[in-house]
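Chain letters run A, B, ... following the sequence lines, proteins first and then strands; every chain starts at 1.
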Amino acid sequence: MTDRLRLVTWNINSLRLRLGLLGRVVEEARPDVVCLQETKVDDANFPMEAVRALGFEHVLYRGDKGYNGVAILSKRPIEPAGHRFWGGVEDARHISARLADGMVVHNFYVPAGGDIPDPALNVKFAHKLRFLDDLTDWGATVAGDTTPRVMVGDLNIAPLETDVWSHKQLLKVVSHTPVEVDKLARVQAAGAWTDVVRQVITPDIKLYSWWSYRARDWAAADRGRRLDHIWTDGGLAPRVRGASVLKDARGWTQPSDHVPVMVDIDPA
DNA sequence: ATGGTAGTCTTACTA
């Protein structure tokens, strides 16, 4: 019998620059597992000693020099559960880990997709759409699996009207366009995923996990989007006891533009 | 109002 698992996902926007803020998240939230995106560090320079000093003895990471990069930090033993490339581009946007009870955690950093929401004019948007199609194909292969599955990360899509500050004003803005929202729904359906954050914080409530650096006053404008997600398979979803978004982290000194999102999962 | 800010491979690229 193990204790309840506390899982955090956070686009940290440079791990090395924000080791101190990671320490603050760890101190305040006491997570057992932390999934990071945009670590922006290649594997040779991963700050393993600093991460270990925060209490994470079990760490998996894959990075690119200066861009992308994902990591799974764990206080409990984990083993690698595979990784691959998505959408035909070889960058570090996926890593997965298996815990001792068999639960597999997949950590994703979906491409932001650039500014123009047209795959014919914007190769970054085309890559984002192909990435989502690959996630759908993959989901179909794991949907029947009885292994407890968790999928987290910066999916760079805000699917619900209450996931954005203005549904109408963002319909043509990459992250909330109908083509992306439709494709994310296909990913979710194919993999039989449950959005467990919205299971706890119901869709009638506005909820954001990202606020642009470009606002004069991010809190006053509050023009946020919910880009960071935690999904589980249907069997695991009833074991999710709580979900929260650590909005305060956006107001810390030299913050990431994303804030941590967290759930607690009961043992089987 | 087609800007604005932040981080890194820094005078260019990504987000």
Verdict with reasoning, Asp43(A) to Arg62(A), per salt bridge (Lys or Arg N to Asp or Glu O under 4.0 Å): CA-CA 6 Å; Asp43(A) 293 349; Arg62(A) 295 183 56 239; over 6 Å; no
Atom-pair distance (OH on Tyr213(A); C1' on dG7(B)), nearest Å: 8 Å
Modelled atom types, side-chain donor and acceptor of Arg198(A) and Thr162(A), under 3.5 Å: yes
Side chain of Arg216(A) (C-beta onward), nearest among dT8(B), dA1(B), dA15(B): dA1(B)
Cationic N near anionic O, under 4.0 Å, Arg225(A) to Asp163(A): no
Spacing of Leu21(A) atom CG relative to dG7(B) atom C1', expressed in whole Å: 14 Å
Presence of Arg93(A) side-chain N/O under 4.0 Å of dA15(B) phosphate oxygens OP1/OP2: yes
Between Ser256(A) and Asn13(A), a side-chain donor and acceptor under 3.5 Å: no
Intermediate values then yes/no, ring-ring contact (aromatic ring centres under 6.0 Å, His included), Trp138(A) and His106(A): CA-CA 12 Å; Trp138(A) 166 72; His106(A) 289 273; 4.8 Å; yes
Spacing between Glu38(A) atom CD and dC13(B) atom P, to the nearest angstrom: 18 Å
Ser212(A) side-chain N/O to dT5(B) phosphate OP1/OP2 under 4.0 Å: no
Nearest-angstrom distance from the residue atom NE2 of His127(A) to P of dT14(B): 13 Å
Whole-Å distance separating the NZ atom of Lys124(A) from the C1' atom of dC13(B): 8 Å
Trp86(A) side chain vs Arg84(A) backbone, donor-acceptor pair below 3.5 Å: yes
Euclidean distance, atom CZ of residue Arg16(A) to atom C1' of dA6(B) [Å, nearest integer]: 16 Å
Rounded distance in Å between the C1' positions of dT14(B) and dG4(B): 16 Å
Residue whose nearest DNA chain B nucleotide is more 5′ - Asn68(A) or Leu15(A): Leu15(A)
P-based separation of dG3(B) from dG7(B) [nearest Å]: 22 Å
Closest-nucleotide 5' rank along DNA chain B - winner of Asp64(A) and Asn11(A): Asp64(A)
Salt bridge Arg241(A)-Asp264(A), side-chain N to carboxylate O under 4.0 Å: no
dA6(B) to dA1(B) separation - P atoms, rounded to the nearest Å: 25 Å
Nucleic acid contacts - residues 247-260 of chain A versus DNA chain B, non-hydrogen atoms under 4.0 Å: Gln254(A)
His176(A) and His167(A) aromatic ring geometry - parallel, tilted or perpendicular at 30°/60° bounds: perpendicular
Expected output: side-chain Thr39(A) to main-chain Ser14(A) donor-acceptor under 3.5 Å: no
Whole-Å distance separating the NZ atom of Lys40(A) from the P atom of dT14(B): 12 Å
Expected output: side-chain Lys75(A) to main-chain Phe56(A) donor-acceptor under 3.5 Å: no
Spacing between Gln169(A) atom CD and dT2(B) atom P, to the nearest angstrom: 16 Å
Any residue of residues 220-228 of chain A with a heavy atom less than 4.0 Å from an atom of DNA chain B: none
Sugar-phosphate only, base, or nothing, as touched by Arg18(A) at under 4.0 Å among non-hydrogen atoms: sugar-phosphate
